[in-house]
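Below you'll find the structure, written out as structure tokens, and then a few comments.
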Amino acid sequence: KLIKSFLLFVICYLLFGNSPVFGVDRPHYVTFTNPVRGPERGYSPVQTHLDLPIYQYQLAKENNFPVDWLLRFDAVSDATISGYFKTITATDSSQMVGAFLEVTPNMAAAAGVEYPAGDHWSLANRIFLSGFSQPDRLRLIDTYMNLFYEKFGYYLQFVGAWHLDAFSLEYLSSHYSVITAIVCDE
């Protein structure tokens, strides 16, 4: 009986296993997504916070690549950085700006939320929204979105972070019409 079952399996596999797949040919997309941090928690004596994004944009433009730029709160707060991205998104429709939802001390302070003490800025309870209570997450998100709206004149449609929790995503979707979330890291 075991041999008959095995032979039946082999025959079915040979008849149907290698058959061509009939389906819809759909377009394929590659999206370049670059997180951009501002001056908080990082300084280089040899380059500005815009040097790398300017270079990346130059390469993207030369090669006709669309880029999604994720701006952290301190990048949106910085007039030079936000001005640069406001200009390129206004003049180049292949470039889009979204939120890099990495919580920083200044973002927490602007939201009236206590930033957890600690030695390392990259600890999950300090940079992920999920490291904060749900009411604090709402304040952090509202603070970011209000600043973004103030600088760009619209609410963004996509967000990215190292980690995004379901509660925050539902709020972003239902209150700000965010339609895309990107999990990204370095």
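- For Arg139 and Asp136, the salt-bridge test passes: some basic side-chain N is under 4.0 Å from an acidic carboxylate O.
- Cluster membership for Tyr84 and Tyr55, using ILVMFWY side-chain heavy atoms within less than 4.5 angstrom, is not shared.
- When every heavy atom of Ile182 is checked against every heavy atom of Phe158, the shortest pair comes out as CD1-CD1, 3.9 Å.
- Smallest separation of non-hydrogen atoms from Met107 and Glu40: N-OE1, 4.5 Å.
- Note: Phe100 CZ to Asp74 CG = 10.0 Å, rounded to the nearest 0.5 Å.
- Sorted by first then second residue, the salt bridge (Lys or Arg N to Asp or Glu O under 4.0 Å) pairs that include residues 53-66, not counting sequence neighbours, number zero.
- Atoms CE and CG, from Met96 and Leu70 in turn, are 10.5 Å apart once rounded to the nearest 0.5 Å.
- Under the 4.5 Å side-chain heavy-atom criterion for grouping Ile, Leu, Val, Met, Phe, Trp and Tyr, Tyr149 is connected to Val36 within one hydrophobic cluster.
- Ala181 pairs by the side chain to side chain contact (heavy atoms under 4.5 Å, CB included) definition with Val159, Leu164, Leu169, not counting sequence neighbours.
- Rounding to the nearest 0.5 Å gives a distance of 12.5 Å between NE2 of His49 and CD1 of Ile54.
- In this structure Phe65 satisfies the side chain to side chain contact (heavy atoms under 4.5 Å, CB included) test together with Phe32, Ala60, Asn63, sequence neighbours excluded.
- A heavy-atom distance below 4.5 Å is found between the side chains of Leu172 and Leu101.
- Between Ser93 atom OG and Ile88 atom CD1 the span is 12.0 Å, to the nearest 0.5 Å.
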I would like to know whether His175 and Tyr155 meet side chain to side chain contact (heavy atoms under 4.5 Å, CB included); could you show each step before the answer?
-> CA-CA 10 Å; His175 285 78; Tyr155 289 114; over 6 Å; no
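- Aromatic ring orientation, Tyr171 versus Tyr176: perpendicular (interplanar angle above 60°, classes split at 30° and 60°).
- Applying the salt bridge (Lys or Arg N to Asp or Glu O under 4.0 Å) test to residues at least two apart or on different chains, the pairs with a partner in residues 157-170 are Arg137-Asp165.
- Grouping the Ile, Leu, Val, Met, Phe, Trp and Tyr side chains by contacts below 4.5 angstrom, directly or via other members, places Ile141 with Phe167.
- Smallest separation of non-hydrogen atoms from Pro39 and Ile81: CD-CD1, 4.4 Å.
- Listed here is the closest heavy atom pair of Tyr57 and Asp92: OH-OD2, 2.9 Å.
- Between Lys86 and Thr89, the shortest heavy-atom contact is O-OG1, 3.2 Å.
- Identified under the ring pair (Phe, Tyr, Trp, His ring centres under 6.0 Å) test for residues 122-148, with sequence neighbours left out: Phe128-His163, Phe148-Phe152, Phe148-Tyr154.
- Across all non-hydrogen atoms, the minimal contact from Leu156 to Val178 is O-CG2, 3.9 Å.
- With rounding to the nearest 0.5 angstrom, the OG1 atom of Thr104 is 11.0 Å from the CD1 atom of Ile127.
- Take Leu147 and apply the side chain to side chain contact (heavy atoms under 4.5 Å, CB included) test, not counting sequence neighbours, and it matches Phe73, Val76, Ser77, Glu150, Lys151.
- Cys184 SG to Asn34 CG: the interatomic distance, rounded to the nearest 0.5 Å, is 9.5 Å.
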